[in-house]
Q: 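Sharing a structure, written as structure tokens. Questions coming.
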Amino acid sequence: MTDKTILEVQNFDVDYGYGDAAVRAVSDVSFTLGASKVLGVAGESGSGKSTLVYGLTRLLREPGVIVGGEVKFHLDGEGEFDILSASEEEIRKIRWSHISIVLQSALSALNPLRRIGREFDEVLRVHDANLSKEQRRERSEELLALVGLRPDRLRRFPHELSGGQRQRIMIAMALALRPELVIMDEPTTALDVVTQREIVSELAELRRQLGFAMIFITHDLSLLVELADDIMVMYAGQIVERAPAKELHDAPRHPYTLGLMNSFPPLHGERTELEGIPGSPPDLKALPTGCPFSPRCAFAMDKCRQERPPLVLEVGTEHSVACWLHDSSYQGAVPVELSKRLAKNSGGAQ
Ligand code: SF4
């Protein structure tokens, strides 16, 4: 493990559409990711989390357009790679071999007419013409073993496998060329809860073994608490809270983060009644003035409806939040729902 930075993102903006019709889908996102670290990105549908990673990897399609920012990928021993100014050909070279992506639905990502072995063979052949057919088959079997699948799966068609097996195939393919960064866009969302948990713990183990960095996107914050080093929570295309995973779990500062936590059952511990977040995700074409979460926030004050809160450091040097409740100008008490959670988690582990 090293604390070297692998990815640096500064003031990244993505629009959907052009000119007056454009809506900002990702707004002023900045973060760095350390080599071998896991960054979790959480938020409801439409929060901008998938658009963010499609933009970062230049997989965004019209009408999505990157309108600002810098994205630097640090290649081991090869210096800095400027993702936004690279040509399509340069980008293609680093995809799969240095940065790979696993999408939500393995069924649509795999060609239904091809056996799994052919998919692996093609990825390996395109990126290393020196490998013999036999070497490619051996490597494919090794990759299947990594994700707990038998070698005979190479002879199957996608429809002959379960959802969990197909998703494991996609994970194995993403690891085929030993990338330094793997991006997972809701890879377990379509699966049942037991398979989701199994895949998440297998991923944690693979990361420990192979040492790649990962960005894991999900709307289920409880999954991230197990897997991630840091978690970034997005709402209306912006980061509203960022903190180390345990810190975020034990002491969330943003009411939206608290709402997300209350929307999913915890992985361990006592069962609690799920509350969810009132209202619906925001319409990006008609965001309110001030805090974008204000129409759904139980703690909204006048200031919230007038001024957008900036993302500022709240606790120590690693926990940032965009919420007026944590601004030095706020004179009131921390709302009881947030303080109850703080008190529960600072009361000492049993
Ligand atoms: Fe709620 Fe105001 Fe904080 Fe926004 S700034 S999350 S509306 S308390």
Side-chain angles (χ1 to χ4, degrees), residues 11-13 23-31 40-49 51-52 217-222 224-225 230-245 247-264 272 274-346:
N11 310 109
F12 189 62
D13 293 326
V23 290
R24 178 90 4 131
V26 170
S27 176
D28 200 22
V29 166
S30 299
F31 68 89
V41 184
E44 297 164 293
S45 304
S47 60
K49 53 194 194 312
T51 305
L52 170 68
I217 296 175
T218 179
H219 54 284
D220 182 348
L221 205 42
S222 65
L224 290 183
V225 173
D230 289 300
I231 297 178
M232 206 158 83
V233 178
M234 290 187 73
Y235 189 78
Q238 300 156 41
I239 302 174
V240 294
E241 187 159 13
R242 179 178 179 168
E247 161 86 21
L248 190 99
H249 171 263
D250 289 354
R253 296 299 205 268
H254 200 286
Y256 178 61
T257 309
L258 187 69
L260 279 182
M261 279 182 174
N262 290 338
S263 306
F264 291 93
T272 50
L274 301 179
E275 291 163 27
I277 305 171
S280 352
D283 176 358
L284 294 176
K285 290 192 221 81
L287 285 181
T289 310
C291 173
F293 189 56
S294 58
R296 305 172 72 188
C297 180
F299 316 117
M301 309 165 275
D302 287 347
K303 183 170 184 165
C304 305
R305 298 182 193 93
Q306 289 152 8
E307 277 180 69
R308 176 174 290 194
L311 183 70
V312 290
L313 288 175
E314 161 62 12
V315 185
T317 55
E318 296 185 13
H319 193 156
S320 327
V321 65
C323 172
W324 290 123
L325 290 173
H326 306 285
D327 186 63
S328 56
S329 65
Y330 177 65
Q331 299 292 316
V334 177
V336 68
E337 287 85 344
L338 281 170
S339 59
K340 254 193 326 203
R341 185 162 185 110
L342 297 181
K344 184 172 140 204
N345 289 305
S346 62

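Just follow the structure's listing: the first ligand is 1, and inside any ligand the first atom is 1. Residue indices begin at 1 and follow the sequence shown. Being a predicted model, the structure only gives us computed values, none of them experimental. Computed over heavy atoms, backbone and side chain alike; hydrogens, waters and symmetry mates excluded.
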Q: Using a strict cut-off of 4.0 Å, indicate which atoms of ligand 1 neighbour a heavy atom of His254.
A: 6 (S)
Q: Given the rule in the side-chain hydrogen bond (donor to acceptor under 3.5 Å, both in side chains) test, do Tyr256 and Glu241 qualify, once you have shown the distances and angles that lead to the verdict?
A: CA-CA 9 Å; Tyr256 178 61; Glu241 187 159 13; over 6 Å; no
Q: Give the residue and atom name of whichever protein heavy atom lies nearest to atom 3 (Fe) of ligand 1, and the separation in Å to one decimal.
A: Cys323 SG, 2.3 Å
Q: Enumerate the atoms of ligand 1 whose separation from the nearest heavy atom of Leu325 is less than 4.0 angstrom.
A: 8 (S)
Q: For a quick test of reading the model, state the closest non-hydrogen atom pair linking Ala251 to His319 and the distance between them.
A: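 That closest heavy-atom pairing would be O-CE1, 3.4 Å.
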Q: Taking all non-hydrogen atoms of both residues, which atom of Ser30 and which atom of Asn11 are closest, and how far apart?
A: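 What the structure gives for the nearest pair is OG-N, 2.8 Å.
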Q: Testing the basics here: between Pro278 and Arg296, what is the closest heavy-atom pair and its distance to 0.1 Å?
A: O-NE, 2.8 Å
Q: For residues Asp220 and Thr218, is any side-chain donor paired with an opposing acceptor at under 3.5 Å?
A: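 Result is no, nothing qualifies.
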Q: Under 4.0 Å from any heavy atom of Pro255, which atoms of ligand 1 are there?
A: 6 (S)
Q: Is the distance from atom 1 (Fe) of ligand 1 to the nearest N/O/S atom of Cys297 under 2.8 Å?
A: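 Given the 2.8 Å cut-off, Cys297 counts as a ligand of atom 1 (Fe) of ligand 1.
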Q: When you measure from atom 4 (Fe) of ligand 1 to every protein heavy atom, which one gives the shortest distance, and what is it?
A: Cys291 SG, 2.4 Å
Q: Which of the atoms in ligand 1, numbered in the order shown and given with their element, are less than 4.0 Å from a heavy-atom of Phe299?
A: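 Per the distance check, 8 (S).
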Q: Could you identify the single nearest non-hydrogen protein atom to atom 2 (Fe) of ligand 1 and state the distance to 0.1 Å?
A: Cys304 SG, 2.2 Å
Q: Can you see which heavy atom on Cys323 is nearest to which on His254, and at what distance?
A: CB-CD2, 3.8 Å
Q: So, for Ser294 and Cys291, which heavy atoms are closest and what is the spacing to 0.1 Å?
A: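 Heavy-atom minimum between the residues: OG-O, 2.8 Å.
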Q: Atom 5 (S) of ligand 1: which protein heavy atom is closest, and how many Å away?
A: Trp324 N, 3.2 Å
